[in-house]
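Remarks on the structure that follows.
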Amino acid sequence: QVQLVESGGGLVQAGGSLRLSCAASGRTFGSIARGWFRQAPGKEREFVAAIAWSADSTYYADSVKGRFTISRDNAKNTVYLQMNSLNPEDTAVYYCAAGRVVVIDPTRYDYWGQGTQVTVSS
């Protein structure tokens, strides 16, 4: 089992920045891929970004490319999502996920955090 705990969400004005963190614990050695997803009210969960264990492979949704940066510190078992130039369309609950391969399909991830709310005011 892998436990994931997100933090760093909050309320920010449009144009502002937030950094989300996702700390992992438990049997993490088999679940090396990490992804960030988000879900806005009334919408399906959507892919935001993903990163491989070595951090040499990162993937982004088109809607966040150039504004968000995913990174990881394997010594701390923590993944980060730096979010810049936020706009109201980024408002959602953000979830961290762990899996065996880096994919954009949320069904391929085995473990999920509880989510952290990000609200961007106009």
Side-chain angles (χ1 to χ4, degrees):
Q1 287 286 341
V2 176
Q3 293 78 43
L4 302 171
V5 179
E6 302 99 333
S7 61
L11 174 64
V12 64
Q13 289 188 333
S17 298
L18 283 174
R19 189 175 84 151
L20 306 183
S21 299
C22 172
S25 60
R27 300 171 64 88
T28 61
F29 60 89
S31 300
I32 58 176
R34 296 286 185 273
W36 284 99
F37 294 80
R38 66 186 182 186
Q39 188 166 17
K43 295 187 177 181
E44 292 187 353
R45 189 168 298 190
E46 65 171 355
F47 170 77
V48 175
I51 188 168
W53 171 260
S54 61
D56 59 351
S57 296
T58 56
Y59 305 88
Y60 296 93
D62 288 342
S63 59
V64 307
K65 202 171 292 184
R67 300 188 297 122
F68 291 11
T69 302
I70 189 171
S71 61
R72 65 190 299 166
D73 184 338
N74 291 333
K76 296 182 179 180
N77 253 331
T78 300
V79 175
Y80 305 97
L81 186 68
Q82 178 67 43
M83 306 186 295
N84 299 329
S85 301
L86 286 162
N87 58 62
E89 290 70 38
D90 296 315
T91 295
V93 177
Y94 283 70
Y95 297 91
C96 175
R100 286 163 287 180
V101 292
V102 179
V103 293
I104 67 173
D105 181 356
T107 66
R108 299 286 302 276
Y109 287 83
D110 303 309
Y111 303 99
W112 292 84
Q114 82 289 349
T116 185
Q117 177 70 47
V118 171
T119 303
V120 185
S121 63
S122 58

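This structure is a prediction, so every number in the text was calculated from the model and none was measured.
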F47, F68: one ILVMFWY side-chain cluster at the under-4.5 Å cut-off?
-> no

Side chain Q13, main chain S121, donor-acceptor under 3.5 Å = no

Verify the cluster assignment for L18 and I51: are they in a single hydrophobic cluster under the rule of side-chain heavy atoms below 4.5 Å apart?
-> yes

For S17 and N84, work out which heavy atoms get closest and say how close.
-> OG-OD1, 2.9 Å

I32, CD1 atom: more than 12 neighbouring heavy atoms under 6.0 Å = yes

Supply the atom-to-atom distance W36 CH2 to E46 CD, rounded to the nearest 0.5 angstrom.
-> 14.5 Å

Are V120 and V48 linked, directly or through other ILVMFWY residues, by side chains that come within less than 4.5 angstrom of each other?
-> yes

Any ring pair (Phe, Tyr, Trp, His ring centres under 6.0 Å) pairs touching residues 95-122, not counting sequence neighbours?
-> F37-Y109, F37-W112

Does any N or O in the side chain of Q39 come within less than 3.5 Å of the main-chain N or O of Y94, such that one atom is a donor and the other an acceptor?
-> no

Search all heavy atoms of V118 against all heavy atoms of M83 and return the closest pair with its distance.
-> CG2-CE, 3.9 Å

Could you pull out the closest heavy-atom pair between A49 and L81, with the gap in Å?
-> CB-CD1, 4.1 Å

Supply the atom-to-atom distance S54 OG to R72 CZ, rounded to the nearest 0.5 angstrom.
-> 8.5 Å

Full working for salt bridge (charged side-chain N to carboxylate O under 4.0 Å, His left out) between K65 and D62 = CA-CA 5 Å; K65 202 171 292 184; D62 288 342; 3.2 Å; yes

Joint cluster assignment, W53 & V101, ILVMFWY side-chain distance < 4.5 Å | no

Stepwise side chain to side chain contact (heavy atoms under 4.5 Å, CB included) test for Y60 and T69 = CA-CA 8 Å; Y60 296 93; T69 302; 3.8 Å; yes

When you measure from the side chain of T91 to the backbone N and O of T119, does any donor-acceptor pair fall under 3.5 Å?
-> no

So CG of N77 and SG of C22: to nearest 0.5 Å the spacing works out to 9.5 Å

All heavy atoms of S122 vs all of P88, minimum pair found to be CB-CG, 3.8 Å

Pair listing, salt bridge (Lys or Arg N to Asp or Glu O under 4.0 Å) test, anchored in residues 85-104, at least two apart = R38-D90, R67-D90, R100-D110

Please round to the nearest 0.5 Å and tell me the distance separating atom CZ of R34 and atom OG1 of T58.
-> 15.5 Å

Quick one: do V2 and V79 end up in the same hydrophobic cluster if we chain Ile, Leu, Val, Met, Phe, Trp and Tyr together by side-chain heavy atoms under 4.5 Å apart?
-> no

Euclidean distance, S71 OG relative to Q82 CD, rounded to 0.5 Å | 8.0 Å

